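Atom set for the values below is all heavy atoms of this structure, side chains included, hydrogens, waters and symmetry mates excluded. Counting starts at 1 for both ligands and their atoms, in listed order. Because the structure is a prediction, the values reported are computed rather than measured.
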Amino acid sequence: MDAFEIEGGARLAGEIRVNGSKNAALPLMAASLLTDQPLTLADVPDLSDIRNMRHLLDELGVEINQPQPGQLTLQTTDTSESHARYDIVKTMRASVCVLGPLLAARGRARVSLPGGCAIGQRPIDLHLHGLEALGARFQLEQGDVIGHVPGGRLVGNRIFLGGSFGSTVLGTANIISAATLARGTTIVESAACEPEIVDLANLLNRMGARISGAGSPRITIEGVDQLGGASHRVIPDRIEAGTLMVAAAITRSELTITNCPLDALMAATNRLEAIGVVVEPADDALSMRSKVRISAGESLSPCDITTQPHPGFPTDLQAQFMALLAVADGHSVITEKIFPERFLHVAELSRMGARLFRQGPTTIVSGVGRLVGAPVMASDLRASAGLVLAALAARGTSRILRVYHLDRGYERLEERLAAVGARIKRIGLDEHESPQPKVVVRKGIAPAYQP
Ligand code: EPZ
C-alpha cells in the first residue's frame, strides 16, 4: 500500500497544469451508453476512478480504446448486459451514473446500491424519484436497484429535484441523460448548477440532444428519438485547481496554474482573497481555461467558510481550506452543509498540531502558525488532499498512509508537486503499513524556508 513521505517547508515555484475533471468525465463516459455511435473524449485524467468506470462500461458492452494519453473513444457494441455489479459499485459510488443512460437506451438497468462511504450516508432517493417521474419503475433485490421502463421508452415530465441538502449532482446527470431519449419535454427544477452538469449537457447536445438551461436551477430537455457520436474535451478539474491554489498559499509560495477553470472557482478565490492570498489571472476575462498566478505572504487571515451547492463554496475543497486555515493568524469557522459528517480529516490534522474543535457540522479552527509533521491516515479523497497540503507546510516529515484514496482523484500528484519544488515522494509500504519503507524515490528537492 503506497504512502507519501513529505518533508515540509519547501517553497513552491513555477507552473503547474490542471488536468481534466474526474467528476465531469465520469458521467460523460456513461453517456456512451445512450448511442451506438463513437464518442471521443479528450483530457480524460488517468485515475483509478476512471479505470473503474472503464471496467464497468466494458462489462456493459461499451468498447473503449485509448488512441493517445488522455483520449478515450467509447462505443456501445453490445446491449445485452445491464447489470452494474456490487464489486465495481462498491469501489466507486459514481457508478450510479450509468442508471439513467441504461434505462433510457435499454429500458432496463440493474445497479447495485452504492451504500454509504467515509464522507457520510449517501442515498440515491432523488435519482430514483426523478427517473420514476419519467416512467421508470424500481424494485430492490439483493442490494441491487432493478429498474425497467414499461412500454420501453421514458416519457418527459416536470421534476423537482431538491432535497434536504440541496440538489444532487449525479442525480441531475442521471435525469438529464435519461430525458434526452424520452418522449416529450422534461423540466428539471432545482437541478444541480455545477460546471460538470454544464459539461455533460454540452456533450449531450453535441450528440443531438436538445437541452437548455444547464448551469441554472431549471433545465429543459426536449426528448429526441436517437443520439449520435461526438467529440468533446473534458473541462479542467476545479477541485484540483483549488487544491493547487491552497498548495501555493499554505507554503507561502508563488505558483502559476494553467488550464485553470477560474470561472468555476469564484467562491474559492473569494475565500482565498479574504485570507490574504493574491489571485492574479493573466487576463481579465474569467474563463474555464485561465492562467492564474497565486501568491501568499507570511501572514494569513482567518475567515469563515460554509459549503454549499455551486456556485457556493464546494464541499470538495473543505478539507484543503481547513488545512490552510489551521495555519492562519486567528479563529475561523467552517460549516459543512452538503455532507455534515465529512470531517474525518479533523482528527488527522489534529495529530499534526492543528487546533480544531468540531461540533456537529461545524468546526472551529484556531490557527497555530505552523503545523508539525506526523504519520497520518488518509480516509477519503479530499481529506487526503488536505493532509498532503498540511504536510507541505509542516515542520519536519509527515507520512500520509493509504494514498490510494488520493489516487482516485489526483493524477501523479506527488510528481507534479515535486516538479514545482515540493519535497514529496511516494513510498511502498507493506500491507501492515510498517514504518520502514521498501522503496524510496526522492524527487524535487528545493530549499527549505524559515518561518
Ligand atoms: C458529487 O457527488 C461529486 N461526485 C462529489 O465529489 C461531491 O462532493 C458532490 O457531488 C457534491 O458536490 C461526483 O461527481 C462523482 P450529491 P454526488 O448527490 O452527486 C444528498 C469527490 O470528492 N442526496 O450532489 O453523489 C447527499 O447525501 C466527490 O470528488 C440525497 O439526499 O453528490 C448530499 O448531502 C465526493 N439524495 C447532497 O444531497 C440523493 O438521492 C449532495 O449530494 C442524492 C443526494
Side-chain angles (χ1 to χ4, degrees), residues 19-30 45 47-50 52-53 56 89 91-100 111 113-133 138 145 159-177 188 190-200 217 234-235 237-243 264 267-268 307-320 335-342 344-345 361 378-386 405-411:
N19 286 334
S21 160
K22 164 184 85 80
N23 288 350
L26 294 170
L28 296 178
M29 291 169 73
L47 300 167
S48 53
D49 270 13
I50 298 291
N52 281 331
M53 182 56 100
L56 172 59
V89 177
T91 61
M92 188 185 58
R93 195 189 173 283
S95 308
V96 74
C97 67
V98 301
L99 182 60
V111 176
L113 267 181
C117 69
I119 67 176
Q121 195 198 355
R122 300 185 65 185
I124 60 162
D125 55 310
L126 295 170
H127 301 234
L128 302 183
H129 154 75
L131 293 166
E132 272 176 348
F138 295 103
V145 169
I159 300 167
F160 181 76
L161 212 53
S164 317
F165 299 96
S167 191
T168 160
V169 181
L170 287 176
T172 302
N174 257 329
I175 309 308
I176 66 171
S177 298
V188 184
S190 196
C193 301
E194 270 67 4
E196 294 77 21
I197 295 298
V198 177
D199 205 34
L200 175 63
V234 181
I235 53 169
D237 194 315
R238 64 194 167 100
I239 305 304
E240 182 175 284
T243 304
T307 67
Q308 288 169 331
H310 191 77
F313 188 90
T315 172
D316 290 347
L317 283 175
Q318 183 251 108
Q320 299 89 318
T335 302
E336 176 56 67
K337 290 219 166 167
I338 307 294
F339 296 112
E341 299 298 322
R342 193 176 201 175
L344 283 177
H345 43 285
S379 56
D380 72 84
L381 168 55
R382 307 304 171 186
S384 328
H405 288 293
L406 191 99
D407 293 336
R408 291 184 45 210
Y410 295 89
E411 185 180 336

**Message:** Counting only nitrogen or oxygen atoms and a 3.5 angstrom limit, does Leu26 reach ligand 1?
**Reply:** no

**Prompt:** For ligand 1, which part of Ser164 has a heavy atom less than 4.0 Å away: the side chain, the backbone, both, or neither?
**Reply:** neither

**Message:** Would Gly166 count as a polar contact of ligand 1, with the cut-off being nitrogen or oxygen pairs under 3.5 Å?
**Reply:** no

**Request:** Would you please determine whether Arg408 falls within less than 4.0 Å of ligand 1 on a heavy-atom basis?
**Result:** no

**Message:** Using a plain distance cutoff, I'd like to know if Thr315 has any nitrogen or oxygen under 3.5 Å from a nitrogen or oxygen of ligand 1.
**Reply:** no

**Asked** Does an N or O anywhere in Leu170 fall below 3.5 Å from an N or O of ligand 1?
**Response** yes

**Message:** Distance check, rounded to the nearest 0.5 Å: Ser177 atom OG versus Ile197 atom CD1?
**Reply:** 8.0 Å

**Item:** Close side-chain approach of Asn52 and Ser95, heavy atoms under 4.5 Å
**Value:** no

**Prompt:** Between Ser379 (side chain) and Leu344 (backbone), is there a donor-acceptor pair under 3.5 Å?
**Reply:** no

**Message:** Quick one, Arg93 with Asp49, criterion salt bridge (Lys or Arg N to Asp or Glu O under 4.0 Å). Give me CA distance, side-chain angles, the key distance, then yes/no.
**Reply:** CA-CA 9 Å; Arg93 195 189 173 283; Asp49 270 13; over 6 Å; no

**Request:** Using a 4.5 Å cut-off on heavy atoms from C-beta on, say whether the side chain of Arg382 contacts that of His345.
**Result:** no

**Message:** Please work out, at 4.0 Å between heavy atoms, whether the side chain, the backbone, both, or neither of Val96 comes within that distance of ligand 1.
**Reply:** neither

**Complete:** For Lys22, the ligand 1 atoms with a heavy-atom partner under 4.0 Å come out as 29 (O)

**Prompt:** Against heavy atoms of Arg342, which atoms of ligand 1 measure under 4.0 Å?
**Reply:** 8 (O), 22 (O), 35 (C)

**Asked** What do we get for Glu196 next to ligand 1 when only non-hydrogen atoms under 4.0 Å count, side chain, backbone, both or neither?
**Response** neither

**Request:** To the nearest 0.5 Å, tell me how far Glu196 CD sits from Ile239 CD1.
**Result:** 7.0 Å

**Asked** Taking heavy atoms and a distance under 4.0 Å, where does His310 meet ligand 1: side chain, backbone, both or neither?
**Response** neither

**Check: Ile235 and Pro195 side chains under 4.5 Å, non-hydrogen atoms** = yes

**Asked** Would you call Asn19 and Asp237 a side-chain contact if the rule is heavy atoms closer than 4.5 Å?
**Response** no

**Prompt:** Which of the atoms of ligand 1 are close to His127, meaning less than 4.0 Å from one of its heavy atoms?
**Reply:** 40 (O)

**Request:** Kindly say whether Lys337 contributes a backbone atom to a donor-acceptor pair with the side chain of Thr307 at under 3.5 angstrom?
**Result:** yes

**Message:** I'd like to check which ligand 1 atoms, numbered from 1 as shown, lie under 4.0 Å from a non-hydrogen atom of Ile124.
**Reply:** 39 (C), 40 (O)

**Item:** Where ligand 1 meets Leu381 - atom numbers and elements under 4.0 angstrom, heavy-atom basis
**Value:** 22 (O), 29 (O)

**Prompt:** If you measure from each non-hydrogen atom of Thr168 to ligand 1, which part falls under 4.0 Å: side chain, backbone, both or neither?
**Reply:** both

**Request:** Before signing off on this row, confirm whether Arg93 and ligand 1 have an N or O atom pair separated by under 3.5 Å.
**Result:** yes

**Main-chain N/O of Leu131 paired with Asn174 side-chain donor or acceptor, under 3.5 Å** = no

**Prompt:** Near Pro123, which atoms of ligand 1 are under 4.0 Å from a heavy atom of that residue?
**Reply:** 27 (O), 30 (C), 31 (O), 36 (N), 39 (C), 40 (O), 43 (C), 44 (C)

**Request:** Closest by any non-hydrogen atom to atom 38 (O) of ligand 1: pick that one out of Gly130, Ser167, Ala24.
**Result:** Ser167

**Complete:** Here the gap from Leu56 atom CG to Met29 atom CE, rounded to the nearest 0.5 Å, amounts to 9.0 Å

**Fill in**
Counting from 1 in the order shown, the ligand 1 atoms closer than 4.0 Å to a non-hydrogen atom of Leu126 are 30 (C), 36 (N), 39 (C), 40 (O)

**Asked** What are the atoms of ligand 1, with element, lying closer than 4.0 Å to any heavy atom of Ala94?
**Response** 15 (C)

**Message:** Could you measure the distance from the CG atom of Leu170 to the CD1 atom of Ile124? Nearest 0.5 Å is fine.
**Reply:** 10.5 Å

**Prompt:** Who gets closest to atom 15 (C) of ligand 1 by heavy atom: Asn23, Asp237, Ile239?
**Reply:** Asn23

**Message:** Looking at His129 and Phe160, would you say the former's side chain and the latter's main chain have a donor-acceptor pair under 3.5 Å?
**Reply:** yes

